[in-house]
Each structure stands twice: as structure tokens, then as C-alpha cells.
K.L.:
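Take this structure first; my questions come after.
Each chain gets a letter, A, B and so on, in the order its sequence line appears, and its residues count up from 1. All values below were derived from every heavy atom in this structure, side-chain atoms included, with hydrogens, water molecules and symmetry-related copies excluded. Note that the structure is predicted; figures quoted are calculated from it, not measured.
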Protein chains: 2
Amino acid sequence: MPTIKDVAREAGVSIATVSYVLNNKEAFVSAETRRQVLETIERIGYTPNVTARNLKASQTRLIGYAWHEVPHNQVNSVLDRFTYYLAQAAEAAGYHVLTFTHAQHDPLPAYQELINTQRVDAFVLSGTNADDPRIRFLMDENFPFVCFGRSNPEWNFYWVDTDGEQGVYEAVNYLIGLGHRQIAVAAWPEQSITGNFRLAGYFRALREAGIDISPDYVVRGEHSEQAGREALASWCRLPRREQPTAVVAMSDLVAIGVMNEAETRGLVVGESLSVIGFDDAPMSQYLRPALTTIQQPIVEIGQALIEMLQAVLKKEQPEIPNLLIPTRFIRRASCGFIVR
Amino acid sequence: MPTIKDVAREAGVSIATVSYVLNNKEAFVSAETRRQVLETIERIGYTPNVTARNLKASQTRLIGYAWHEVPHNQVNSVLDRFTYYLAQAAEAAGYHVLTFTHAQHDPLPAYQELINTQRVDAFVLSGTNADDPRIRFLMDENFPFVCFGRSNPEWNFYWVDTDGEQGVYEAVNYLIGLGHRQIAVAAWPEQSITGNFRLAGYFRALREAGIDISPDYVVRGEHSEQAGREALASWCRLPRREQPTAVVAMSDLVAIGVMNEAETRGLVVGESLSVIGFDDAPMSQYLRPALTTIQQPIVEIGQALIEMLQAVLKKEQPEIPNLLIPTRFIRRASCGFIVR
DNA sequence: CTGTTAGCGCTTTCAC
DNA sequence: GTGAAAGCGCTAACAG
């Protein structure tokens, strides 16, 4: 590989001059010299060595992003695809994404290591939760980062998130528009901050529509198919007339559990029971019936995060320290007019 | 961040001595000095700067891996999860994975750029196909890489692949064991090398069982749900008695198309029609009925690739230039004894 | 055993 | 305008 020295020698100039040309220091070099240098660069096929540049500049142009380990009975298609769009947005800004893994319940050493070795300039976090130790840690370390997801509202950090509250609000309104009044929700555990935002949308929609909220209709469980099954099973234990005619789940995976259990119990999803998920997992469009769901705006989130990160790295206060991006409601066949 | 100079000053030794300690050049430094240096390192919290080390060593300890863009009506859960295991294996070997994206039909510039800027030490490719331009390019460039997947058999390069032939062979034998004789296959286009290996397993199983292969039973189509639907539709156009009782698809996505179309046509999957997929996509376990499938050994593939890559980077001939890893057959509810 | 020093490839200050 | 030279943080050859 040719170096700056080779270019200088070939072009009959000093390496400083080559560097000026490379860095568009127009004022420092005559048009003619510049032309000659560029011609030489072209001819010998020179590209600056990024490691050397980075050493000089004390940067890496690398953004660390931790993979989430997904148990085999789960799915996290949203985060998997998000990573693609994140990489794309990062590249547009002249960065690359370095992916790394960590022990499921002990993420900090992996972050610490990347900071200590100065491997990355910043991190992007996803799947944040309340009092997330990673956020606390990075704030303590005063290391640049942005989050896909919220956390402790008292903490002052930069994040972008899906507006789950609004998304579920719209979804429930849609069900109300179909005539449903007995709408249940398969919620996440109380510690799940994301789950709580989504749940708030459920409450708001019912409240605004003047529908009483039955505590029986709010069942909490994990992000699993099993949880969806159990939720529906519990609603089926209610007196016949009190059973919900529609269900909103916190994720497509949970919604699938609801659908599967419904089938087992002789309910027809899309007719005697309407179901809505969250995420728009790739497979959801192919379920029978196809699942109505709430799509997360992962493309926009990736772009917004990188934009915010650039401001953080420039030590500017990003104009907007955080951002809520609307979801997109995906209407499919799993919901129908009330029939019962 | 402290540097090697700070350690040297604090410990009252030269930076060379610190470097010797860091690099375990035991012979070059007395036990006592060593102890003192280590103590200082610990005390001031020093970690070597990886960029500086890399510049010196002309390496990056970064492995480039290109994301595949997945159209929204498709799924590629296998590659998404593979990336996680690849990152894990890379880290165990002291590398990190740098992910990047490229224009769907013009990948080479992205590879070229990473080579020219000396951003990565090597690449891992996946989703390879016949006469893959990326492979040809990297061979021409003489740049280190290994592949998840095969390509032109005349080319001499390092790869690890799923043994799709054996996987489908087992699957078809399983169907034969259930009494099926009319077994169809939803195959991929002829250019798909991966598809052809899998298809070969289908032919071998039938041949060994002495079952005639009907050309009507081999339908080719894309990797899409629609292709699965169309394949089943075409079989349903055969005379009633000639219609297949079992179907093997090249992917879970195609299998889902087959299942969905079957339902539309009043066939009961797992009873009047058996279906087998390929991949074990995360959702497949939750389909109704749950999909019998062939799981790709992505954990082992990731590990094998990194092992191979290490040998390549050491300029050793890897002992085994390529490796076929067996699949795991996942028996679920979508297959049953023949009933027709 | 330990230290001095050159140099990896680049940017930038400073002198001419 | 241009070039010499220092230096980013580290490794390793060489001298002592």
C-alpha cells in the first residue's frame, strides 16, 4: 500500500503539501501543485491510512453497539433490523459500527474495555430499561452515548424512542372505531418502562372514549408467546359476557401467543376476537390471519440517533436532547368489527 | 487517559520497560521491576491505546462483515442471528466485527473502500452465490477473507457452510418414514447454489428409496412467501391422486407460503399435507401448526469461520480449507403420517 | 536487565 | 506557497 511519502516523492513535493491537498487546505497550496498531487494520488492509487489518521486525531470513527442476546424461544427482529439502519446512518456520517457482545447480565465490563482501549468514540444503546446500569455507567464515565429508548426520567441523557404511547392509543382507538368496548391488554411487567409507555396509551384511549377500565383486562407477563397464551386463558375464565372482544399486546410475539391460544379455544381471530401486536416483526404479515400491528420507525430512529450523536461528539448541546418518533399503524386481517 | 509515558514516569522506568511488561517479554525485565510496573499500571488505571498499537503493527483487529439488505416482505433471521455469534467468536479471538452496508447490487465499492483505507484486516462474507463477484474481487485483491457459503467450485478459497444436502436428505427420509411417497419440493432458482445443494439431498433421498422423481414435484421460485403459495397452487392443479402429500421447502418463509395456501385450499397441514421448512426462523416454532424444519448450525459456523480466518491471517494454510457442518432436524407438528 | 531511539502514517505548527 | 520537523502512543532493534 502506498503511503503519503510515496505520493510526496512521486509528485516531487513534501508530505506536508500532500496532506494539505488531502485535507482541502486550499489556501496552503497553489492550484498547480494541487493538481499535480491529485494526479499522482490517482495514478499510484493512494488512500490515506485510517488508523494513522485516527491516532493523530485521537479518535476512531467507530461507534460501539452491543448485540442483545436473544433466547431461542424469543424474537427480536426489530433490534436486528435496527442495527442495519444504524450502520447505514453511521456510514453516511463517516462512521462505522463496531458490534460487540457481552455477558447477558453483566454488560459493563464490555463497555469498560472498549472505553479503556479507546476502541470506539461513542456508544449507541438499545433495549434500555428503568435505571439502566449502562446509562448510569456511561454518564459516570462521561463517555459519549445516545440511546434508542428511555430510562430514568431524572437522568439527563440523549435518547430517541418510539412513541409507544401514541401508537397504542391509535390502535385502541381503531378498535373502538370497530365497535369494541371490551378491550384487553397483554402488558409487560411493571418494571418495563417501554411497556408502561405503551400501556399509558391504552389507558388514555379508553379514558377519552369514556370506557371503564376493568383491572381484569390488564394482564402482565413477559415478552413471550407463552405470556400471550396465559393472558388469553385468564380472560377466558371471566364470565362469558365480560370476556374481551379485542386484545392489544405489547409485542407481536405476545400477540401470536394470544392468537394461538384463541385458536385452541375455538375463537376466530379477526372475527370473534380482534388482536393487535406491536413491532411489525417480519413474519407477522404472513400469519393467518395477518397480524394488525404497530410498526416501529427504526429507520428514522437510526438516523436521528446518529444525528444526535454527531452533536454530542462535537460537544455541542444537541438542539433537541431527545426525540419521540411516531409509529405507523399497520392494518391487517386480525381485527374486525365487533360481532358478539 | 493515561499513556505509556505516564506509567513510565510514575514507575520511574523507561517506556520500553513498560512496553516489555505489557507484551510479556519476560526475559527483558526483572521480576521486581515487572511487579512495580504492573502495580503502577493498576494504580493509575492504564490500558494501552489500541489505535497506536494497531498503527505500529499495521493491523486493525477488525473484521468486516456486510449486512444484507432485507426487503420488508422477506426475512433473514438466520443471517441476523449469525452475526451475533460471529461477533462472539471474533471477540474470543481478540477481534471485533465492523459491520457495514452497501448498495444492494453493487457491493464492491464498499469492500474496496475498507481495503484502501486499511480499515479492516479481513472480511467474512455470507449469502454467497455462484461466481460471487465479491469472492472474485477479494481473490484478485489478495485480501484475506472467509465465507459462510460456497461458490464456484473451481475457485480456491476458504469457506464453511451448512450441509444442506444432508439436511434435506434427512428431512425427506423422515417423510418417507412417515409413509409419504409423493413428496414435492419448493426449490430455489437454478442459479442458487445453496438451493441446488439442498435440492440434491431431495433427489438422493428419493433415489435411494427407489421412488420415481416426478418433474411436476420440483417447482422453483424465489425466497418468498408468495413462491410457496404458487408452488402449492401448481401442485393442486395436478390430478387429485397425483398431488403430493408432503412438501419440503428451501426456507421457512417459503414453507409458510405453502402452509398458508394449504389452509386457503382446505388442506390441513400436519394431517392431509406435511410441510418441512429450512432455517428454523425464530417464529417458526409458534406457527400453527409449529413448523418442522432444518436448523442451520450458525453458532458452529461462526466459530469455524473465525478459526479459519485466524489461520488465513497468520498466512498459514488452514488445515482444512473448508468445512461442511451438519444441520439439526427439528421435529414439530407440521408433519404427520400419510393419510390419503 | 534497562534505556535510547527510530519509526508506524499522518496532521499541523512554524519557519522560510 | 512550501517544507522541515514534532508528535499522536506504541513496539522493538540496538546499545550499554
K.L.:
Atom CZ of A/Arg9 to atom P of C/dC10: distance rounded to whole Å?
P.N.:
13 Å
K.L.:
Between B/Leu86 and B/Gly302, what is the shortest heavy-atom contact and its length?
P.N.:
CD1-O, 4.3 Å
K.L.:
Which nucleotide in the list C/dT11, C/dG3, D/dA4 gets nearest to the side chain of B/Ala16?
P.N.:
C/dG3
K.L.:
For the CD atom on B/Glu32, are there more than 12 heavy atoms of other groups (residues, nucleotides or ligands in this structure) within a distance under 6.0 Å?
P.N.:
yes
K.L.:
Hey, is the side chain of A/Lys5 poking within less than 4.0 Å of OP1 or OP2 on C/dC8, counting only N and O atoms?
P.N.:
yes
K.L.:
How about CZ on B/Arg61, more than 12 heavy atoms from neighbouring residues, nucleotides or ligands closer than 6.0 Å, or not?
P.N.:
yes
K.L.:
For the residue pair B/Phe123 and B/Phe143, does the interplanar ring angle fall in the parallel (under 30°), tilted (30 to 60°) or perpendicular (over 60°) class?
P.N.:
tilted
K.L.:
For the pair made of CZ in A/Phe28 and P in C/dC14, what is the distance, rounded to whole Å?
P.N.:
12 Å
K.L.:
So which nucleotide from D/dG3, D/dC10, C/dT12 ends up closest to the side chain of B/Ala52?
P.N.:
D/dC10
K.L.:
Which is true for A/Asn54 with a 4.0 Å heavy-atom rule: it touches a base, it touches only sugar-phosphate, or it touches nothing?
P.N.:
nothing
K.L.:
With a 4.0 Å heavy-atom cut-off, tell me which residues in residues 30-48 of chain B come close to DNA chain C, sorted by residue number.
P.N.:
B/Ser30, B/Thr33
K.L.:
Is the distance between the ring centroids of A/Phe137 and A/Tyr111 under 6.0 Å?
P.N.:
no
K.L.:
For A/Thr17 and D/dG3, is the shortest distance between a side-chain N/O and OP1 or OP2 below 4.0 Å?
P.N.:
yes
K.L.:
Which whole-number value in Å describes the distance from A/Asn23 CG to D/dT2 P?
P.N.:
16 Å
K.L.:
Should we count CG of A/Asn156 as having more than 12 external heavy atoms under 6.0 Å?
P.N.:
no
K.L.:
Looking only at side-chain atoms of B/Thr3, point me to the closest of C/dG9, D/dT2, D/dG9.
P.N.:
D/dG9
K.L.:
With a 4.0 Å limit, can you tell me whether B/Arg53 has a side-chain N or O closer than that to the phosphate oxygens OP1/OP2 of D/dG9?
P.N.:
no
K.L.:
Does A/Ser58 reach a base, just sugar-phosphate, or nothing at all? Heavy atoms under 4.0 Å.
P.N.:
nothing
K.L.:
Nearest whole Å is fine: how far is D/dG9 C1' from A/Lys56 NZ?
P.N.:
11 Å
K.L.:
Are B/Thr17 and B/Phe28 side-chain neighbours, meaning at least one heavy-atom pair lies under 4.5 Å?
P.N.:
no
K.L.:
Mind calculating the distance between CD1 (B/Ile4) and P (C/dT5) to the nearest angstrom?
P.N.:
17 Å
K.L.:
Please report the distance, rounded to the nearest Å, between CG in B/Asn49 and P in D/dG7.
P.N.:
18 Å
K.L.:
Return the 5'-most residue of the pair B/Leu55, B/Lys25 with respect to DNA chain D, ranking by each residue's nearest nucleotide.
P.N.:
B/Leu55
K.L.:
In whole Å, I'd like the distance from the CD1 atom of A/Ile15 to the C1' atom of C/dT13.
P.N.:
13 Å
K.L.:
Once you round it to whole Å, what is the distance between P of C/dC8 and CD of B/Gln118?
P.N.:
13 Å
